[in-house]
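Whatever order the structure lists ligands and atoms in, that order sets their numbers, starting from 1. Predicted model, so just to flag it, every value in this text is computed and none were measured.
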Amino acid sequence: MSRTAPARNRSASLQLVNGFSLEMTGKDVPALLEAKDRIPEGTRINVTFLGNEDLEMRVAAAKAVRDSGFVPVPHVSARRLASQAQLEEFLGRLQEVGASEHIFAVGGDPATPEGPYEDSLSVIESGILPRYGVKEVGIGGYPEGHPDIPKPVLASALEDKAAALKQQGLGAVVITQFAFDIDPVVAWIDAVRSRGIDAPVRVGTPGPAGIKRLLGFARRFGVGANAMIVKKYGFSLTNLMGDAGPDRFVDDLAAALAAPRQGGPAQESEAERLSGVGLHFYTFGGLGATADWVRSFTAERS
Ligand SMILES: NC(=O)C1=CN([C@@H]2O[C@H](COP(=O)(O)OP(=O)(O)OC[C@H]3O[C@@H](n4cnc5c(N)ncnc54)[C@H](O)[C@@H]3O)[C@@H](O)[C@H]2O)C=CC1
Ligand SMILES: Nc1nc(=O)c2c([nH]1)NC[C@@H]1CN(c3ccc(C(=O)N[C@@H](CCC(=O)O)C(=O)O)cc3)CN21
């Protein structure tokens with residue numbers, strides 16, 4: 001977007017990107033330390049809970065985030081927990097390093113649970129989280145659905161988790177699967193709001209990365225990436241060389257959310273839809289590249 005773009009759109013993009021969060025894996029501590037001077041103080045940084053990390057790596061990564069001046073948001077992957085004792089051990093270790101206030105409770109990719117928790121709701125309903133200083137819980141959202149989970153199941157799970165968190169007096173934030181197409185994202189946000197879920201939403205967004213890498217993760221996680229969608233996003237399936245960044249995705253999403261909702265209540269202020277939405281960058285290993293992208297994207301629109 002050039003400086004000549006309407007000021008309204010530029011300010012919507014700035015509002016959307018402001019307060020962004022990042023995601024890293026347990027192996028990305030070197031990348032975090034290399035990039036930390038280019039990441040704003042207090043930025044939330046999620047730490048994944050994947051099959052190829054272990055407890056020590058996850059705790060060390062969360063500690064590195066805290067010690068670098070950021071807010072750690074460790075993932076707790078329900079299906080990867082072998083027992084309640086392991087959940088309590090993990091939360092206890094996180095609390096010791098000041099990294100248990102914000103967590104992201106997620107089902108976990110194993111097709112069958114490795115222990116007593118088959119979904120993130122069961123971790124939330126265990127009542128264990130507040131005992132270890134947890135104050136706010138991130139939960140998953142799927143604008144394009146999930147390859148292994150029917151949409152009605154995802155919808156009721158989201159409602160159940162939001163209700164359980166409210167009932168326990170815990171904060172809630174919905175972090176969505178990433179997307180290349182804003183249309184399903186805007187439609188999903190409006191649907192969630194119309195179901196009375198008013199928790200802040202952080203829209204998952206790929207950080208700048210190699211096109212082949214982006215497509216690989218899109219396929220692995222069931223994210224739409226057909227020729228038309230990626231053309232809107234800014235690259236072509238006929239040329240997989242080079243990198244692609246989320247510039248157009250962010251500008252288009254901001255403009256769509258700043259516009260009055262089709263058929264929405266007339267009194268809904270333009271800023272209202274935008275105010276409850278932020279961005280969550282899946283850095284795919286490129287923490288520094290994503291931090292640099294945010295700085296230049298912001299500078300171009302200020
Ligand atoms: N950043 C991350 O680590 C993210 C991970 N995911 C993945 O999305 C899936 C769903 O996570 P949540 O939204 O927390 O769901 P959830 O834990 O709220 O579960 C919703 C429903 O789907 C079922 N389910 C959960 N994981 C499943 C799986 N892997 N295969 C089949 N059924 C499953 C549950 O039994 C439940 O009925 C998980 O596989 C999770 O790993 C999704 C987004 C981001
Ligand atoms: N269904 C689903 N499962 C997930 O685990 C998941 C999502 N969706 N949505 C997006 C985030 C992003 N995720 C990831 C997972 C791995 C890397 C990654 O960079 N992996 C490296 C090295 C291995 C590692 O660091 O763990 C790789 O090259 O695979 C990045 C983001 C996990 N997330």
Ionic contact status for [Y] with [X], cut-off 4.0 Å:
X    : Y    : result
E114 : R79  : no
R248 : D252 : no
R273 : D190 : yes
E56  : R93  : yes

*Do you see a protein non-hydrogen atom under 4.0 Å from atom 22 (C) of ligand 2?*
no
For [atom], which protein heavy atom lies nearest, and how many Å away is it?
atom                    : result
atom 42 (C) of ligand 1 : Y142 OH, 3.0 Å
atom 9 (N) of ligand 2  : Q177 OE1, 2.9 Å
atom 19 (O) of ligand 2 : R213 NH2, 3.4 Å
atom 34 (C) of ligand 1 : D119 CB, 3.7 Å

Which of the atoms of ligand 1 are close to [X], meaning less than 4.0 Å from one of its heavy atoms?
X    : answer
V106 : 4 (C), 5 (C), 6 (N), 11 (O), 14 (O), 40 (C)
D109 : 7 (C), 29 (N), 38 (C), 39 (O), 40 (C), 41 (O)
V153 : 21 (C), 37 (O)
G107 : 11 (O), 12 (P), 14 (O), 17 (O)
K161 : 12 (P), 13 (O), 14 (O), 16 (P), 18 (O)
A157 : 18 (O), 20 (C)
S120 : 14 (O), 16 (P), 17 (O), 18 (O)
H146 : 8 (O), 9 (C), 39 (O)

*asked:* Heavy atoms only, cut-off 4.0 Å: how does P110 contact ligand 1, side chain, backbone, both, or neither?
replied: backbone
*asked:* Does only the side chain of F221 get under 4.0 Å from ligand 1, or the backbone, or both, or neither? Count heavy atoms.
replied: neither
*In terms of hydrophobic clustering (I, L, V, M, F, W, Y; side-chain heavy atoms under 4.5 Å; direct or indirect links), are W188 and V173 co-clustered?*
no
_With clusters defined by side-chain heavy atoms of hydrophobic residues (ILVMFWY) lying less than 4.5 Å apart, directly or transitively, does L81 cluster with V59?_
yes
*Tell me, yes or no, whether the heavy-atom count around R219 atom CZ, taken from other residues, nucleotides or ligands under 6.0 Å, exceeds 12.*
no
_Would you say the ring centers of F217 and F178 fall short of 6.0 Å from each other?_
no
*Establish, yes or no, whether the cationic atom of R301 lies under 6.0 Å from the six-membered ring centre of F297 and within 45° of the ring axis.*
yes
*Is the closest side-chain donor-acceptor distance between T48 and H75 under 3.5 Å?*
no
*Any nitrogen or oxygen of E118, main chain or side chain, under 3.5 Å from a nitrogen or oxygen of ligand 1?*
yes
Considering [options], which one's heavy-atom position lies nearest to [atom]?
atom                    : options              : value
atom 24 (N) of ligand 1 : R79, Q177, H75, H280 : R79
atom 18 (C) of ligand 2 : T176, V223, N46, T25 : T25
atom 20 (N) of ligand 2 : Y142, F49, F217      : F217
atom 14 (C) of ligand 2 : F221, Y282, F178     : F221

*asked:* Could you walk me through whether Y132 and L94 satisfy the side chain to side chain contact (heavy atoms under 4.5 Å, CB included) test, starting with their C-alpha distance in whole Å, then the side-chain angles of each, then the deciding distance to 0.1 Å, before giving a yes or no?
replied: CA-CA 8 Å; Y132 291 92; L94 289 173; over 6 Å; no
For [X], the ligand 2 atoms whose distance to one of its heavy atoms is below 4.0 Å:
X    : answer
D109 : 1 (N), 2 (C), 3 (N), 4 (C), 5 (O)
N52  : 23 (C), 24 (C), 26 (O)
L50  : 5 (O), 15 (C), 16 (C), 26 (O)
E23  : 11 (C), 12 (C)

*Is there a side chain to side chain contact (heavy atoms under 4.5 Å, CB included) between F70 and L32 once you walk through the steps?*
CA-CA 10 Å; F70 309 119; L32 171 73; 4.1 Å; yes
*Look at the aromatic rings of Y233 and F249 and report parallel, tilted or perpendicular, splitting at 30° and 60°.*
tilted
*Would you mind telling me which of R44, H102, R202 makes a side-chain hydrogen bond (donor to acceptor under 3.5 Å, both in side chains) with S21?*
R202
*Would F281 and V294 satisfy side chain to side chain contact (heavy atoms under 4.5 Å, CB included), going step by step from the backbone distance to the final call?*
CA-CA 10 Å; F281 289 104; V294 171; 3.9 Å; yes
*K212 and M241: side chain to side chain contact (heavy atoms under 4.5 Å, CB included), yes or no, with the steps?*
CA-CA 7 Å; K212 278 201 194 92; M241 306 309 290; 3.9 Å; yes
*ligand 1 contact by G108, heavy-atom criterion under 4.0 angstrom*: yes
*Could you say whether the N/O atoms of T48 and ligand 2 ever approach to under 3.5 Å?*
no
*Where does M57 meet ligand 2, judged by heavy-atom distances below 4.0 Å: at the side chain, the backbone, both, or neither?*
neither
